[in-house]
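What follows is a single structure, written as structure tokens, with notes after it.
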Amino acid sequence: MSNVKIDNLHIAGTACTPEVDFRFDIHRLSLKGESYPENAAAFYSRIISETREYLAGLTPDERVEVHVALVYFNSSSTKMLFGFFEELNQAALCGMRVELYWYHDREDDTIEEFGQELHIDFPEIGFHDIALD
Amino acid sequence: MQDSKYYEFFDYAHQRDIIFYYVGYFSQNIISAMAETVRLNLEKSGVTGVTRRKLFSTFVEMAQNIVHYSADSLTAPDQTDEVRHGSVCIGRRGDKFFLLCANPVHVEETEALRNRLEPLRTMTLDEIKRAYKESLRAESPADSKGAQLGFLTVARDASEPIEFEFHTDGLSDMSMFYLKAII
């Protein structure tokens with residue numbers, strides 16, 4: 001088990017990329033806004049690799065909170081987000097407690113359904129669906 | 001003004017309830033600016049939330065498909081900020097909306113595109129959703145920037161089978177690829 005502390009990751013949001021606010025020091029990761037970057041693989045691979053590094057340094061009894069409040073994500077972002085949750089599920093399988101807070105507009109069936117999918121595919125992650133008005 | 005042909009063009013578009021039309025080079029900056037305008041336009045015209053989201057999603061998938069796959073590119077193959085040529089159109093017909101996009105493709109690519117799109121035309125919504133889930137879990141082919149998931153997203157949001165066509169002039173090795181979705 002490593003004790004290396006990795007720096008928090010903050011990326012300001014733009015019209016087509018989400019605000020990334022990963023506070024590894026308090027175990028709270030947050031994604032908020034729009035997601036249709038030109039190259040979703042490039043945008044998310046850094047986020048995924050830093051998260052992987054952070055998770056590898058955690059003690060197994062740690063509790064991690066993940067807040068996702070995306071208004072829209074395109075198909076290639078969807079694929080990358082799926083990979084991101086796969087990493088979190090792996091950590092949960094190793095004993096960490098991962099809680100996912102999934103925010104969406106009450107009317108947005110697509111985002112709500114994707115949340116349900118994640119819940120089915122990654123049962124180790126605690127899932128909290130939050131419909132906003 | 002001597003530009004009566006342009007009046008004809010605008011008049012033609014107006015009569016056909018064209019809400020948005022763009023032809024030219026697509027870059028991510030242009031897509032993002034257009035997407036914001038389209039969203040605002042749909043909000044102001046009182047389109048319901050569900051339809052608005054489907055139109056927006058289809059618009060972004062079509063525009064990004066052009067920026068990644070049009071055969072008419074201004075940028076070098078290894079450049080990351082791509083700029084490619086095509087056109088997108090959003091219109092209204094009765095109580096439905098339609099989206100159309102067009103971009104040139106190499107003739108030898110048409111067969112592969114046809115094989116990807118044709119099955120989507122006969123699939124039920126449940127089958128489309130299942131294929132979408134499978135595609136999400138599958139590793140991407142090396143040459144793909146996510147096109148199959150993009151087409152599945154368009155098919156999922158459309159209320160009728162998607163339509164597509166290739167127009168080849170027989171003179172060049174290019175073919176014009178048209179894709180239409182009714183929301």
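Only this structure's heavy atoms are used, side chains among them; waters, hydrogens and symmetry mates stay out. All chains are named by letter (A, B, ...) in the order of the sequence lines, taking the proteins before the strands, and each is independently numbered beginning at 1.
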Gap separating the [atom1] atom of [X] from the [atom2] atom of [Y], nearest 0.5 angstrom:
X	Y	atom1	atom2	value
A:Ser76	B:His68	OG	NE2	6.0 Å
A:Asn39	B:Asp81	CG	CG	9.5 Å
A:Lys79	B:Gln148	NZ	CD	10.5 Å
A:Cys16	B:Asn29	SG	CG	7.5 Å

May I ask whether [X] and [Y] are part of the same hydrophobic cluster, defined by side-chain heavy atoms of I, L, V, M, F, W, Y residues being less than 4.5 angstrom apart, directly or through others?
X	Y	answer
B:Leu136	A:Phe84	yes
A:Tyr101	A:Val98	no
B:Leu74	B:Ile30	no
A:Met80	A:Ile11	yes
A:Phe127	A:Leu55	yes

Check whether any side-chain heavy atom of A:Glu38 sits under 4.5 Å from a side-chain heavy atom of B:Ile31, and report yes or no.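 A:Glu38 does not reach B:Ile31 side chain to side chain.
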Do A:Pro37 and B:Gln28 come within less than 4.5 Å of each other through their side chains, counting heavy atoms only?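 Result no, sub-4.5 Å side-chain heavy-atom pair not found.
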Using non-hydrogen atoms only, which part of [X] is less than 4.5 Å away from chain B: side chain, backbone, both, or neither?
X	value
A:Phe114	side chain
A:Tyr36	both
A:Asp109	neither

Can a side-chain donor-acceptor contact be found between B:Glu61 and A:Asn74 if the only test is distance below 3.5 angstrom? no
Going by an N to O cut-off under 4.0 Å, is there a salt bridge joining A:Glu113 and B:Lys133?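 No, no charged N to carboxylate O under 4.0 Å.
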Taking only Lys NZ, Arg NE, NH1 and NH2, and the carboxylate oxygens of Asp or Glu, determine whether B:Arg39 and A:Glu34 approach each other closer than 4.0 Å. yes
Residue among A:Thr14, A:Asp121, A:Val71 with most heavy-atom pairs under 4.5 Å to chain B: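 Going by pairs under 4.5 Å, I would pick A:Asp121.
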Among A:Thr110, A:Ile111, A:Asp105, side-chain contact (heavy atoms from CB on, under 4.5 Å) partner for B:Arg53: A:Asp105
Where B:Thr153 and A:Ser75 come nearest, the two heavy atoms and their spacing: OG1-CB, 3.5 Å
Decide if atom CG of A:Asp7 counts as having more than 12 heavy atoms of other residues, nucleotides or ligands within a radius under 6.0 Å.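 Counting neighbours around CG of A:Asp7, 12 or fewer heavy atoms of other residues, nucleotides or ligands fall under 6.0 Å, so no.
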Show the numbers, then the answer: is there a salt bridge (Lys or Arg N to Asp or Glu O under 4.0 Å) between A:Glu117 and B:Arg137? CA-CA 12 Å; A:Glu117 291 284 310; B:Arg137 283 159 186 76; 3.6 Å; yes
With sequence neighbours excluded, give me every salt bridge (charged side-chain N to carboxylate O under 4.0 Å, His left out) pair touching residues 86-104 of chain B.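 Applying salt bridge (charged side-chain N to carboxylate O under 4.0 Å, His left out) to every pair that reaches into residues 86-104 of chain B, excluding sequence neighbours, yields B:Lys96-B:Glu160.
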Between B:Thr48 and chain A, which part of the residue has a heavy atom less than 4.5 Å away: side chain, backbone, both or neither? neither
